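Notes for the one structure printed next.
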Amino acid sequence: MEERYVPGPVEKKWQEIWRAKDAFKVTEDAARPKYYLLEMFPYPSGRIHMGHVRNYSIGDVVGRFKRMRGYNVLHPMGWDAFGMPAENAAIERQIHPAIWTHDNIANMRTQLKRMGFCYDWDREVATCTPEYYRWEQQIFLKMLEKGLAYKKRSSVNWCPSCETVLANEQVEDGCCWRCHSEVEPKELEQWFFRITAYAQELLDDTFKMGGWPEPVLIMQRNWIGRSVGCEIDFQIEGSEKKIRVFTTRQDTLFGATFMSLAPEHPLAQELATPDRAEAVAEFIARIRREDKIHRTSDSQEKEGIFTGSYCLNPVTGRRMPIMLANFVVTDYGTGAVMAVPTHDQRDFDFARKYDLPMVVVITPPGSTLDPATMKAAYTEPGILVNSGEFSGLPNEEAKERIADWLEQKGLGERKVNFRLRDWGVSRQRYWGTPIPVIYCEKCGMVPVPEKDLPVVLPRDVAFRAGGDNPLAACHSFTDTVCPVCGAPARRETDTFDTFVESSWYFLRYASPHCDKGPFDQDAVNYWLPVDQYIGGVEHAVMHLLYARFYTKVLRDLGLVRIDEPFKNLLTQGMVCMESYKCPEHGWLYPEEVMDGICRKCGQKVVIGRKEKMSKSKKNVVDPDVLIERYGADTARLFCLFAAPPEKDLEWSERGVDGASRFLARVWRLVFENLDLLKKANADQNAVAARDLRRATHQTIKKVTEDIENRFQFNTAIAAIMELVNAISALGDKEACALALAEALEVVIRLLAPFVPHIAEELWEALGHEDGVEASGWPAWDKAMLAVEEVLLVVQVNGKVRGKVTVATDAPDDAVRAAALADPNVARFIEGKTVKKVVIVPKRLVNVVVG
RNA sequence: GCGAGAGUGGCGGAAUUGGCAGACGCACUGGACUUAGGAUCCAGCGGGCAACCGUAGGGGUUCGACUCCCCUCUCUCGCACCA
């Protein structure tokens, strides 16, 4: 084994030892500081991909590092096991989703174990098991009781291909986030979670979450979208009815010259005068049909129709034509907008198109505006004009004054609106958590009593392509009795959005086998919050917002004591790779391309930009192949070294070779010097030994700080490589064998979190019995860092002209004299006056001459 | 359109507080060893003969700028008629 580094047997050996020792099993221990480390759990698609390898390698460094530093580290793994692909597999391949899922889990578990990650596998959780989802059902019942879960009929995002509802967060460019079919509107009775009740707190807390990346917090804030303004009533002419609008620009009220309603507004049809009724009905029908897909695309032309009716501006008395407009959305604010074309670009475009009146009510300071010549709405701050008693006020001040005035007169009131909508959680799918309610003809909707949980997903259902939810056709499931009156009743057949499972799994890991509730209080109180969460930035809004919401709900239910689930968040970048496309053969695997030419037809291939690995573009690397060829340690090292964690990682076969070569080099370095190391007892060459020891301790410091403070694994590894280079470069190794032994042991210990298998093997080869992890994290000796002399850069007018070595504690005068005495420096200052000499201690001297 | 981030050798990336730009690795070049090399070792490696010039481009602050400020360009991501 010694001659050559062969990773396979080494890795197998240590994985077996870890398994036999239960090396990563943890329990609560009040005596030690706890550290809860979590990586986002995978969907069991069948095979792990490079994104997983990267995500979990990053996590594993942190986990092993913290363990070596003495923390009690909870590092669990599990499966986000409900979801569509399982059901599709059932339809396409006649495999039951449960079997498909469990097979995939078994396969992926083996793959993860082959990577040597330090998980406590005893805590493994799969969300598709009744042991897991029964508690999800229980939490739901509590939410229902509190009014945090409710049912309402609403227009939902319907994916015709997946035949299910999508949350707003799951619609991308008007298309399904999974299958990319165009999403359609559909009216359905749906379950919702009242996340809006927590909008303010979810927003406020983003300002306290210092351990999260700012871009993620900003995305969440934008998604929550708080805006402050007023609701104002507009009297409809010739009617008792009023139209209520929401505006953030009440300062422009005097400039409101028409009204825009969403086509779905309840009064839309009613307001149409008889002569226009038909045209209005047609317009409403047409816009409704288009709905979200087209209406929200940026190219969409503003379009509207006059209803024939008018309302009155409450402050000016002006008759305002009431229009229906395609750009007004129904589910934000009141679905009605007061239009101020001079100070809102949408209203401006609309008014120009339909020749509607414009009045300027805000002017730029020291200037005027003319509606006839304006090219665009003026939306900057300015001074109010044509605004009665408010004319002359700066508009920000006018916002407050007009709001006060409206409230006094009873014409309107201040109002805060959020862009965030309630979370639609109903899915018309089989492979998900059944929603535990029952419908009775007499009693209506009845929650399943807690004692009857779990509502188990039935096994025997029929899957067919294009069919409805198979659950709905499964009578053994749907047919039940009412828990209240005992009459025949029907079960809810909707299941939960899979994001519900991932909204609380991090709590379940604290006590994964707890059968008294979703989790054991003491365990949760000990482990939570998660100290470090690691995952892809694609979850910046959906999962991370839902999990925050759930935590707050559970807190208010008295089940947890924390306000926020994840103290620190690291969002790692994608793994990407070039893609190749042949004009004739489409996407090609890299091996099908030679020198930019398609091997099949000899045509030139188009080399795609580096993008996320995907099967469809054939730019994928199978982790199994990587492990087989190079070993898990090399795979880990490559992922950690090639880029900092939050950046995209570009796949490079050469880079993997480099990582592999480095490990082989360390291996050789240890075995070549084994005899020397074992008998080392004194250093003859004090200077060389001292230099090596300094480098060793500097490296410990650098690597520790890079991991602990910055998560900069790439530079930490680079520092270890430098130390290895320094060791290799040693002339007479025998003359400083003690220092060499120290340096090599440090290299191995510093490498342990990154490449644990080879580190253990080398540590053992050096004669240690307890394992490298048990040796703890090395500490650096401050005294070893001290230097007697420093090399100073000497600049003349900011340009490097020389270098001088001075004593570390040399006074400024001596430094200055030494700098000026340098022959090359002297040449550049000859014949000039030295105006100033800037001395930066231990770094440089800058001589300013004129 | 709005919001955020980024732009450094042939490539991935360093430069932590404004202080030697290019650490570390890859690729490449030359050499050694060798039956052989996709192994290993040694040397070189931003541009330029040089003075010098170089961190997307232009200005500024400073003794000194990849780093701070202003403008412009390009790219990536998020939101996208939210009134």
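First the proteins, then the strands, lettered A, B, ... as listed; each starts at 1. As the structure is a computational prediction, the values presented were derived from the model and not from experiment.
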Would you say R244(A) reaches A83(B)'s phosphate, i.e. side-chain N/O to OP1/OP2 under 4.0 Å?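 No.
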
Give every pair of a protein N or O atom and an N or O atom of nucleotides 20-27 of chain B that lie under 3.5 Å apart, one pair per line with the distance.
| unit_1 | atom_1 | unit_2 | atom_2 | d |
| --- | --- | --- | --- | --- |
| C20(B) | O2 | K803(A) | NZ | 2.6 |
| A23(B) | O2' | E722(A) | OE1 | 3.2 |
| A23(B) | O2' | E722(A) | OE2 | 3.1 |
| G25(B) | OP1 | N725(A) | ND2 | 3.3 |
| C26(B) | OP1 | R661(A) | NE | 3.3 |
| C26(B) | OP1 | R661(A) | NH2 | 2.8 |
| A27(B) | OP2 | R661(A) | NH2 | 3.4 |

When you check the side-chain N and O atoms of [X] and [Y], is any donor under 3.5 Å from an acceptor?
X       : Y       : answer
T206(A) : R221(A) : yes
R801(A) : N846(A) : no
Y332(A) : S227(A) : yes

Selection from U16(B), G78(B), A83(B) that lies nearest to any side-chain heavy atom of V329(A):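 Within the option list, the nearest is A83(B).
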
Nucleotide nearest P644(A) when distance is taken to its side chain, options A14(B), C81(B), A83(B):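 Selected nucleotide (nearest to the side chain): A14(B).
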
[atom1] atom, [N] versus [M]: distance in rounded Å?
N      : M      : atom1 : value
G59(B) : C53(B) : P     : 15 Å
G78(B) : C11(B) : P     : 26 Å
C68(B) : A23(B) : P     : 22 Å
G25(B) : G13(B) : C1'   : 9 Å
U67(B) : A15(B) : C1'   : 9 Å
G10(B) : G44(B) : C1'   : 16 Å
C42(B) : U74(B) : C1'   : 43 Å
C66(B) : U8(B)  : C1'   : 7 Å

Using whole Å, what does the distance between atom [atom2] of nucleotide [N] and atom [atom1] of [X] come to?
X       : N      : atom1 : atom2 : value
L649(A) : G12(B) : CG    : C1'   : 9 Å
E646(A) : A14(B) : CD    : P     : 8 Å
R629(A) : G38(B) : CZ    : C1'   : 13 Å
N846(A) : U62(B) : CG    : P     : 15 Å
F713(A) : U16(B) : CZ    : P     : 19 Å
D349(A) : G1(B)  : CG    : C1'   : 11 Å
Q345(A) : C81(B) : CD    : P     : 15 Å
R249(A) : A83(B) : CZ    : P     : 11 Å

Would you classify [X] as touching base, sugar-phosphate or nothing, given that sugar-phosphate means primed atoms plus P, OP1 and OP2, and contacts are heavy atoms under 4.0 Å?
X       : answer
R801(A) : sugar-phosphate
K415(A) : nothing
V848(A) : sugar-phosphate
D648(A) : sugar-phosphate
S260(A) : nothing
R668(A) : sugar-phosphate

Would you say the side-chain atoms of R226(A) pair up with the backbone N or O of I224(A), donor to acceptor, closer than 3.5 Å?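 No; judged by distance alone, with no hydrogens or angles, the pair does not exist.
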
Are the side chain of D633(A) and the backbone N or O of I758(A) linked by a donor-acceptor pair below 3.5 Å?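 A pair under 3.5 Å: yes.
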
Would the number of heavy atoms belonging to other residues, nucleotides or ligands and lying under 6.0 Å from CD of E628(A) be above 12?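 Open.
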
Which distance, rounded to the nearest 0.5 Å, do you find between the NZ of K702(A) and the CD1 of I720(A)?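 K702(A) NZ to I720(A) CD1: 11.0 Å, rounded to 0.5 Å.
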
Any side-chain heavy-atom pair of E301(A) and K353(A) under 4.5 Å: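 In contact.
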
Measure from NZ or CZ of R4(A) to the centre of the six-membered ring of W667(A), then state whether that distance is under 6.0 Å and the direction lies within 45° of the axis.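 Cation-pi check for R4(A) and W667(A): fails.
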
So, using salt bridge (charged side-chain N to carboxylate O under 4.0 Å, His left out) as the criterion, who are the partners of E708(A) when residues are at least two apart?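 Partners of E708(A) by the salt bridge (charged side-chain N to carboxylate O under 4.0 Å, His left out) criterion, ordered by chain and then number, come out as K66(A), R69(A).
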
Let me have a per-nucleotide readout for nucleotides 4-11 of chain B, 5' to 3', with B, S or -, counting only protein heavy atoms under 4.0 Å. S-------

Find the runs of at least 3 consecutive base pairs, i with j, i+1 with j-1 and so on, that include RNA chain B, using Watson-Crick or G-U wobble geometry with both distances under 3.5 Å.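 Stems found: B:1-7 with B:73-79, B:10-12 with B:24-26, B:28-32 with B:40-44, B:56-60 with B:68-72.
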
Run K733(A) and E672(A) through salt bridge (Lys or Arg N to Asp or Glu O under 4.0 Å) and show every step you take. CA-CA 11 Å; K733(A) 290 191 172 63; E672(A) 279 169 7; over 6 Å; no

Are the aromatic rings of F350(A) and F348(A) close, with centres under 6.0 Å apart?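 Ring centres of F348(A) and F350(A) not closer than 6.0 Å.
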
Considering heavy-atom distances to RNA chain B, does A729(A) or K799(A) have its closest nucleotide positioned more toward the 5' end?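 Final value for this comparison: A729(A).
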
So M323(A) and M259(A), side chain to side chain contact (heavy atoms under 4.5 Å, CB included) or not? Walk me through it. CA-CA 6 Å; M323(A) 311 288 294; M259(A) 172 71 69; over 6 Å; no

R421(A)/D331(A) under salt bridge (Lys or Arg N to Asp or Glu O under 4.0 Å): CA gap, chis, key distance, verdict: CA-CA 9 Å; R421(A) 313 292 154 88; D331(A) 54 352; 2.8 Å; yes

Quick check on ring pair (Phe, Tyr, Trp, His ring centres under 6.0 Å): which of F713(A), F754(A), W651(A), F662(A) does F638(A) satisfy it with?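 Passing option: W651(A).
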
Donor-acceptor pairs are to be reported for all side-chain atoms of residues 829-843 of chain A against protein atoms at under 3.5 Å, with residues two or more places apart or in another chain.
none

Using atom names, set out every protein N or O paired with an N or O of nucleotides 65-71 of chain B below 3.5 Å, distance rounded to 0.1 Å.
none

In G10(B), glycosidic geometry as syn within 90° of 0 or anti otherwise: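 Chi for G10(B) falls in the anti range.
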
